[in-house]
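Every number for a ligand or one of its atoms is a count from 1 in the order of the listing.
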Amino acid sequence: MARPKVLATRPLFPAAQQILNASCEVDYWTQPERISKEELFRRIADKEGLVCLLTEKVNEELLAAAPKLRIAANVAVGYDNITVADCTKRAVAATNTPGVLDETTADFAWTLLMAVARRLSEGEALARSGEWKGWDLDQLVGADVWGKTLGLVGLGRIGRAMARRAAGFQMKVVYYDAVRAPLDIERGYHAEYRDLNALLSEADFVSLHVPLLPETRGLLNAKTFSQMKPTSFLINTARGQVVDEAALVEALESKKIAGAALDVYEKEPLINPGLKRPNVVLAPHIASGSLETRTKMSCMAAENVVALFKGRRPPNILNPEVLKAS
Ligand code: GLV
């Protein structure tokens with residue numbers, strides 16, 4: 001029997017290649033630059049499977065160019081790049097990679113939190129500059145992390161991993177979520193529920209852990225920034241569009257908040273020049289970027305593809321209704 005043809009828009013990692021190559025004929029995009037839209041549309045024309053990144057849009061336009069496609073496997077947990085309803089209409093399964101990147105993403109959100117509180121970017125620049133004159137009493141004094149209040153916007157898997165880390169820093173944890181967590185979860189994570197306004201006015205660190213949805217787009221905006229404390233910091237490892245970036249720049253300029261540490265941006269890879277200031281730590285969307293985790297994410301995407309072609313339910317299917325239809 002002919003092996004299903006799959007397009008992978010990156011070479012992935014060896015372990016994921018092994019999984020895919022065992023049962024599929026895979027066309028890997030191996031060029032250092034990203035696959036262009038034209039090339040993607042040209043290569044997808046005869047493919048039954050796609051392994052894609054969050055930088056590729058899977059929508060009606062792409063699906064129309066991929067008449068044989070049966071699965072689009074995102075190598076990411078966030079799938080705002082995929083219009084799932086469009087996939088469902090064309091009976092294309094859509095999958096993501098939940099669960100394997102929670103701890104790694106929380107590690108990085110914590111890295112950002114510590115870096116902005118303790119002015120690491122400024123300190124590193126000074127240490128490298130040749131201008132450092134030695135220890136000084138008031139040099140680059142930052143803010144304590146331990147004992148402060150962490151405000152988690154979203155208490156899903158990554159939010160909970162953040163709450164666990166906060167315990168080691170003797171922090172108070174407050175959280176907001178569209179759906180309040182059950183009491184045993186709140187108790188287990190020592191996380192107290194607040195409505196968003198109360199959280200923003202109480203937290204020393206506000207860390208975002210919500211998916212990008214119509215309800216979370218611009219959740220942090222001019223109005224909500226004005227509720228934050230002037231000594232507080234914003235950490236964003238979720239999606240750039242959860243924050244109104246122009247309002248964030250204004251909040252930083254007018255000192256409504258003390259600083260921000262960002263891994264994601266409204267218009268990646270563009271970074272609003274107003275964010276390039278000393279009290280903002282900037283990272284290039286690498287929160288899940290450990291070798292172990294990116295390997296697991298790639299393998300998970302590969303396994304979803306293989307499962308579908310073997311007639312099994314892809315473990316991370318987002319639109320299971322397409323399976324019933326076929
Ligand atoms: C990365 O941003 C992801 O959603 O996995």
- Message: Under 6.0 Å from the ring centre and within 45 degrees of the ring axis: does the NZ or CZ of Lys37 meet both conditions for the six-membered ring of Phe41?
- Response: yes
- Apply side chain to side chain donor-acceptor pair (under 3.5 Å) to Gln31 and list each qualifying residue two or more places apart in sequence or on a separate chain. none
- Item | Distance-minimising heavy-atom pair for Leu199 and Leu152 | CD1-O, 3.6 Å
- Item | Every residue of the protein that comes under 4.0 Å of ligand 1, judged on heavy atoms | Leu54, Ala76, Val77, Gly78, Leu101, Arg239, His285, Met297
All N/O donor-acceptor pairs, side-chain side in residues 301-310, below 3.5 Å, sequence neighbours left out:
unit_1: Asn304; atom_1: OD1; unit_2: Asn316; atom_2: N; d: 2.9
unit_1: Asn304; atom_1: ND2; unit_2: Met300; atom_2: O; d: 3.0
unit_1: Asn304; atom_1: ND2; unit_2: Asn316; atom_2: OD1; d: 2.9

- Query: Taking the side chain from Asp177 and the backbone from Arg180, do they hold a donor-acceptor pair closer than 3.5 Å?
  - Reply: no
Per-pair distances, 0.1 Å, donor-acceptor, side chain in residues 114-126, under 3.5 Å, sequence neighbours excluded:
unit_1: Arg119; atom_1: NE; unit_2: Glu122; atom_2: OE2; d: 3.0
unit_1: Arg119; atom_1: NH1; unit_2: Val141; atom_2: O; d: 3.0
unit_1: Arg119; atom_1: NH2; unit_2: Glu122; atom_2: OE1; d: 2.9
unit_1: Glu124; atom_1: OE2; unit_2: Arg128; atom_2: NE; d: 2.9
unit_1: Glu124; atom_1: OE2; unit_2: Arg128; atom_2: NH2; d: 2.7

